[in-house]
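First comes the structure, then the notes that go with it.
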Amino acid sequence: MRRTVSIFGSTGSIGCNTVELLLLQGGAKIYDVKVVTGARNIQLLAEQAVLLNADMAVTADESRLETLIEALAGTGIVATAGSEALRDAAMTKVDWVMSAIVGSAGLTPTLEMAKQASVLALANKESLVCAGELIKATCAKSGCMLVPVDSEHCAIYQALAGGKQGDISRIILTASGGPFLDWTPEQMANATLEQAMAHPNWDMGQRISIDSATMFNKALEVIEAHQLFDVSATQIEVVVHPQSIVHSMIEYNDYSVIAQLAAPDMRGAIGFALNWPERQPLPIEQLDFGTMSRLDFATPDEIRFPALRLARRVLEIGGLAGAVFNAAKESALDRFISGDIGFLDMARLVETVLENLHVKAGQSSSLDGLEAVMTFDREARTMGQNWMPK
Ligand code: NAD
Ligand code: MG
């Protein structure tokens with residue numbers, strides 16, 4: 001029996017790597033691919049659907065449905081479009097699903113995946129940040145196994161083989177520090193979009209690359225770690241590790257530290273999740289310890305990178321503060337990308353929105369349901385769009 005799989009966000013950076021690994025591991029001979037999805041790059045989406053012999057291709061962008069139908073003419077592959085279609089496609093029962101849509105747009109489909117998939121490979125960290133309790137409760141009810149794809153959380157997941165979750169004393173998340181690690185605040189204030197996108201180690205999508213430059217990505221990951229491994233804010237430490245070789249570590253209560261190391265290549269974490277609970281050889285570079293002269297670690301500068309402080313504030317507020325934080329961050333990012341606000345304004349915007357909504361958000365929970373989450377998402381986004389730099 002072939003294994004049934006779907007890939008949401010297949011045309012993105014994580015999605016393309018996932019397609020590559022599926023093909024490398026036998027493609028349609030081994031995997032019965034149900035769904036692939038994208039948004040704007042219809043040509044690529046159609047190519048992937050054909051290569052994997054998928055049943056269905058979905059574009060989030062309804063205006064591109066005609067183009068998708070034309071690109072798939074004669075293949076027998078069903079083409080659909082829009083957010084409802086994405087949600088319906090996520091209800092298709094599969095053995096393994098990759099959730100790799102970027103941003104909170106991934107939340108509704110991810111929740112459907114959690115209801116039906118045997119294994120949910122989760123790259124879309126935003127859904128855990130916005131609605132962690134709801135996703136976890138849904139998985140617990142359906143029996144869906146959640147395997148983290150974010151490299152740090154995948155590392156911690158692997159390091160958990162060395163002890164029990166209840167014996168964790170600290171989780172140490174590594175951060176590359178991004179392209180502005182050694183920049184002055186003045187330089188950062190004037191950083192351009194191109195400079196913010198130029199990540200030194202990882203080749204990623206545009207939005208997560210900029211989030212790495214502000215360290216908002218690490219802030220999301222602190223909240224993600226709290227959701228996945230049931231650790232408090234004080235048990236999560238971030239260290240800057242510019243080589244991105246140690247992907248993260250667990251310190252157990254006897255102060256023994258278990259780390260996971262590998263080359264900085266997302267195919268490592270994606271392949272781990274794809275083959276879990278087995279392991280398979282992957283097309284990633286082997287580490288050469290003879291030539292690796294050093295591994296550096298340093299405490300991050302929270303004055304230049306306030307996102308980390310804001311992540312702890314989110315955990316302190318609790319409730320739906322994560323949904324507010326993520327939406328404010330997404331609107332700040334949109335405004336930076338469009339040239340409307342400066343690089344350092346992003347954190348100022350997020351902090352203002354978070355403080356404006358903290359009382360209300362703290363009294364709610366994602367267990368109140370998806371609509372509650374979406375209401376905070378919309379409110380925070382609107383506030384973010386209207387925020388004015390001083
Ligand atoms: P990307 O921008 O390269 O790709 C995003 C995918 O989502 C594309 O397929 C795109 O078509 C689709 N998409 C965009 N907007 C959409 C919308 N409104 N509705 C539905 N689909 C939409 O992003 P990426 O870098 O591959 O990241 C995907 C997810 O994985 C993010 O949540 C990111 O935080 C996470 N992640 C990425 C990396 C990485 O190395 N790229 C590492 C860890 C975690
Ligand atoms: Mg990561």
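Each ligand, and each atom within it, is numbered from 1 in the order the structure gives.
The shortest N/O to N/O separation between Gly103 and ligand 1 does not fall below 3.5 Å. Residue contacts with ligand 1: Thr11 is placed with a nitrogen or oxygen under 3.5 Å of a nitrogen or oxygen of the ligand (distance criterion only). By the 3.5 Å distance cut-off applied to N or O atoms, Ser151 is not counted among the residues near ligand 1.
Atoms CG and CG, from Leu220 and Leu310 in turn, are 11.0 Å apart once rounded to the nearest 0.5 Å.
Contacts between Ala60 and ligand 1 below 4.0 angstrom, taking non-hydrogen atoms only, involve the side chain exclusively. Contact annotation for Glu126 and ligand 1: only side-chain heavy atoms (C-beta onward) come within less than 4.0 Å of the ligand. When non-hydrogen atoms are compared, ligand 1 lies under 4.0 Å from the backbone of Met204 as well as from its side chain. Of the heavy atoms in Asp211, none comes closer than 4.0 Å to ligand 1.
Here the shortest heavy-atom pairing between Leu107 and Ser127 reads CD1-CB, 3.7 Å. When every heavy atom of Val231 is checked against every heavy atom of His226, the shortest pair comes out as O-ND1, 2.7 Å. Between Gln235 and Ile168, the shortest heavy-atom distance links the atoms NE2-O, 3.3 Å. Residue Val350 comes nearest to Phe216 through the heavy atom pair CG2-CZ, 3.6 Å, listed as atom of the first residue, atom of the second, then distance.
Checking Asn41, Val102, Ile208 against atom 15 (N) of ligand 1, the nearest heavy atom belongs to Val102. Nearest-residue assignment for atom 17 (C) of ligand 1 (options Ser10, Ala105, Ala100; heavy-atom criterion): Ala105.
A salt bridge links Asp334 to Arg207: at least one charged side-chain nitrogen sits closer than 4.0 Å to a carboxylate oxygen. Classification of Glu302 and Arg309 as a salt-bridged pair fails, no side-chain N sitting under 4.0 Å from a carboxylate O. Ion pairing of Arg313 with Glu316 is present here, as a side-chain N (NZ or NE/NH1/NH2) and a carboxylate O approach within less than 4.0 Å. Electrostatic pairing of Lys218 and Glu221 counts as a salt bridge here, judged by a charged N lying under 4.0 Å from a carboxylate O. Salt bridge status for Glu371 with Arg378: present, with a side-chain N to carboxylate O gap under 4.0 Å.
Among the candidates Lys329, Gln206, Lys125, the single residue satisfying the side chain to side chain donor-acceptor pair (under 3.5 Å) test with Asp211 is Lys329.
Atom numbering of ligand 1 starts at 1 in the shown order; those under 4.0 Å from a heavy atom of Leu86 are 20 (C). Ligand-side atoms of ligand 1 in range of Asn124: 32 (O), range being under 4.0 angstrom from any heavy atom. Using a 4.0 Å cut-off to heavy atoms of Asp150, the atoms of ligand 1 that qualify are 43 (C), 44 (C). Close contacts of ligand 1 with Gly38, meaning ligand atoms under 4.0 Å from a residue heavy atom, involve 11 (O).
Of the protein's non-hydrogen atoms, Ile14 N, 2.9 Å is the one closest to atom 26 (O) of ligand 1. When hydrogens are left out, the protein atom nearest atom 13 (N) of ligand 1 is Ala39 CB, 4.0 Å; that is the closest non-hydrogen contact. Scanning the protein heavy atoms around atom 35 (C) of ligand 1, the nearest turns out to be Ala123 O, 3.1 Å. Ranking the protein heavy atoms by distance from atom 34 (O) of ligand 1 puts Lys125 CE, 3.2 Å first. When hydrogens are left out, the protein atom nearest atom 3 (O) of ligand 1 is Ser13 N, 2.9 Å; that is the closest non-hydrogen contact. Nearest non-hydrogen protein atom to atom 21 (N) of ligand 1 is Ile101 CG2, 3.5 Å. Atom 25 (O) of ligand 1 has as its closest protein heavy atom Gly205 N, 3.0 Å. Among all non-hydrogen protein atoms, the one lying nearest atom 4 (O) of ligand 1 is Gly12 CA, 3.1 Å.
The distance cut-off of 2.8 Å around the Mg ion (ligand 2) captures these protein N, O or S atoms, sorted by chain and number: Asp150 OD1, Glu152 OE1, Glu221 OE2.
A donor and an acceptor atom, one from each side chain of Gln260 and Tyr157, are nowhere located under 3.5 Å apart. Side chains of Asn41 and Thr11: a donor-acceptor N/O pair is absent below 3.5 angstrom, by distance only.
Annotation: Asp203, atom CG; neighbour count of heavy atoms from other residues, nucleotides and ligands within 6.0 Å does not exceed 12. Arg2 CZ: more than 12 foreign heavy atoms inside a 6.0 Å radius.
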Query - Chi angles and distances behind the side chain to side chain donor-acceptor pair (under 3.5 Å) call for Ser365, Glu133 - result: CA-CA 8 Å; Ser365 149; Glu133 284 83 10; 4.9 Å; no
